[in-house]
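The structure under discussion appears below in the form of structure tokens.
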Amino acid sequence: MAQDFTRTYAETRDASDTLAPYRGEFYLPTDGIYMDGNSLGLLSKRAEQTLLESLNDWKELGIDGWMSGRHPWFNLSEQLAALNAPLIGARAEEVMVTGSTTVNLHQLVASFFKPEGKRTKILADTLTFPSDIYALKSQLELRGLDPAEHLVQVSSPDGRYLKEEDIIAAMTDDIALIVLPTVLYRSGQILDMARLAKAAHERDILIGFDACHSVGAIPHAFHDWGVDFAYWCNYKHLNGGPGSVGGLFVHERHFGTTPGLAGWFGSRKDKQFDMDHTMTPADHAGAFQIGTPHVLSLAPQLGALEMFNEVGMDAIREKSLALTTYMTTLIDEVLAPYGFVIGSPRSETQRGAHLSLEHPEAARICKALKQHRVIPDFRAPNIIRLAPVALYNTFTDVYDVVMTLQTIMENKEYEAFENVREVVA
Ligand SMILES: Cc1ncc(COP(=O)(O)O)c(C=O)c1O
Ligand SMILES: Nc1c(O)cccc1C(=O)C[C@H](N)C(=O)O
């Protein structure tokens with residue numbers, strides 16, 4: 001069917017959507033449209049069920065929940081690692097579900113940043129998420145290195161995108177480690193991870209990626225690309241719940257590396273309860289765990305990840321691109337006259353799973369959207385992020401959101417609000 005700009009066209013697309021049945025798996029707002037799954041994914045019935053099962057194990061079994069529960073807590077992190085592995089193109093032993101994004105970055109830099117001789121610097125970029133920069137600076141300071149000199153941040157020519165050639169040009173012989181996002185949190189640009197990993201290794205530099213905005217959104221091949229490490233959160237596209245435990249990947253060639261931040265849950269499991277003061281680390285990515293797993297923040301992931309493995313990343317990516325491409329054409333047609341600029345890649349190979357819509361009145365347009373019960377998020381100073389999620393959003397959702405924006409702009413409804421962000425945006 002040729003695209004037109006009617007709601008009927010969107011309904012026709014929904015009617016032939018093979019992922020449509022998954023929408024019923026989620027608790028969706030009853031009175032609005034959720035477009036913020038890139039910040040906090042929605043609760044599914046399966047995630048709720050596995051959480052309740054673990055809670056019940058605690059209620060009925062107490063300490064025995066570790067070994068005899070419905071989902072024994074002692075192996076839960078490993079079990080979830082096996083469910084995460086296909087999503088990032090890794091072997092199960094290369095993955096661990098543990099910590100949080102920022103904690104895992106600390107762990108991985110503490111383990112893999114080995115300044116030596118002339119190579120004393122970390123290479124990052126100016127568009128990355130602030131927490132990563134705070135962590136990198138503090139890791140440098142812990143080694144007595146001044147971040148002003150030892151943290152190199154590649155800049156962006158336009159404030160939206162990074163150029164791989166600029167990053168490669170910055171891979172000089174004083175760089176020991178590179179940490180970059182897979183998908184930029186504002187523009188949604190995908191970096192060419194395979195190309196960057198190859199270029200880094202040709203120069204004897206280790207490279208790690210922050211995969212928060214790509215896990216569950218696009219396929220990866222971390223193992224085959226030779227990426228040294230990666231880390232991510234499970235609460236955005238993977239729908240693991242607020243503050244859900246994060247993930248890390250360590251390429252198998254680094255198995256045996258001493259964890260920079262050691263703790264007893266990084267032990268070989270059969271040795272852990274020997275209570276020896278000399279640690280025997282696990283011989284896989286599990287070595288990078290630190291302390292007791294946050295069981296109730298892991299349990300929902302069992303249900304949530306099951307769906308990703310059932311559907312597969314290729315089908316998720318296909319629908320996600322169809323949604324963002326459809327949204328792009330609608331925005332061009334309907335919203336361009338109101339001064340909106342799409343600050344996300346037009347090219348499908350470079351586009352992640354959200355669109356960034358720029359407008360000088362973005363903060364108050366977001367407030368007007370929320371009054372219409374449309375949930376976007378806002379990134380200062382001028383970005384509205386909209387994430388139509390493959391598993392639970394529809395083409396009709398996309399149509400309705402764009403038309404709601406048109407109504408807001410046409411009637412200048414945003415003028416009823418102040419153009420400043422909320423505390424949590
Ligand atoms: C790209 C990126 N990196 C790091 C973080 C920080 O994650 P956390 O607060 O879970 O450590 C976030 C989100 O908050 C993020 O989007
Ligand atoms: N982690 C978050 C939180 O604790 C509160 C509100 C939002 C978040 C987010 O994850 C934001 C997200 N990292 C971003 O891309 O901006």
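In each ligand, atom 1 is the first atom listed, and ligand 1 is the first ligand listed. Basis for what follows: all heavy atoms, side chains included, without hydrogens, waters or symmetry-related copies.
If you number the atoms of ligand 1 from 1 as listed, the ones under 4.0 Å from a heavy atom of Tyr235 come out as 7 (O), 8 (P), 9 (O), 10 (O), 13 (C), 14 (O). Listed by atom number, the atoms of ligand 1 under 4.0 Å from Asp132 heavy atoms are 3 (N), 4 (C). Numbered from 1 in the order shown, with element, the atoms of ligand 2 that lie under 4.0 Å from a heavy atom of Tyr185 read 15 (O), 16 (O).
Only the side chain of Arg385 comes within 4.0 Å of ligand 2, counting heavy atoms alone; its backbone N, CA, C and O stay farther away. Residue Asp210 touches ligand 1 through its side chain alone, judged by heavy-atom distances below 4.0 Å.
When the options Arg385, Arg421, His354 are evaluated for a side-chain hydrogen bond (donor to acceptor under 3.5 Å, both in side chains) with Asp377, the one that passes is Arg385.
Under a cutoff of 6.0 Å and an axis angle of 45°, Lys367 and Tyr414 do not form a cation-pi pair.
The shortest N or O to N or O distance between Thr102 and ligand 1 is below 3.5 Å.
Surrounding NE2 of His254 are more than 12 heavy atoms belonging to other residues, nucleotides or ligands, all under 6.0 Å away. Heavy atoms of other residues, nucleotides or ligands lying less than 6.0 angstrom from NZ of Lys163 number 12 at most. For CH2 of Trp264, the number of neighbouring non-hydrogen atoms (other residues, nucleotides, ligands) closer than 6.0 Å is greater than 12.
Nearest to atom 16 (O) of ligand 2 by heavy-atom distance, out of Lys236, His354, Arg379, is Arg379.
Annotation: side-chain contact (heavy atoms from CB on, under 4.5 Å) contacts of Pro72 (sequence neighbours excluded): none.
Closest protein heavy atom to atom 13 (C) of ligand 1: Lys236 NZ, 3.3 Å. Scanning the protein for heavy atoms near atom 7 (C) of ligand 2, the closest one is Ser39 OG, 3.5 Å. Among protein heavy atoms, the minimum distance from atom 1 (N) of ligand 2 is reached at Tyr235 OH, 3.0 Å. At the top of the distance list for atom 6 (C) of ligand 2, counting protein heavy atoms only, stands Val424 CG1, 3.8 Å. Ranking protein heavy atoms by distance to atom 16 (O) of ligand 1, first place goes to His213 NE2, 2.9 Å.
A salt bridge does not link Glu141 to Lys137: none of the charged side-chain nitrogens sits closer than 4.0 Å to a carboxylate oxygen.
Remark: atom 3 (C) of ligand 2 lies closer than 4.0 Å to no protein heavy atom.
Residues His223 and Glu94 have side chains that bring a donor and an acceptor to within less than 3.5 angstrom of each other.
Side-chain contact between His359 and Arg364: absent, with no pair of heavy atoms (C-beta onward) separated by less than 4.5 Å.
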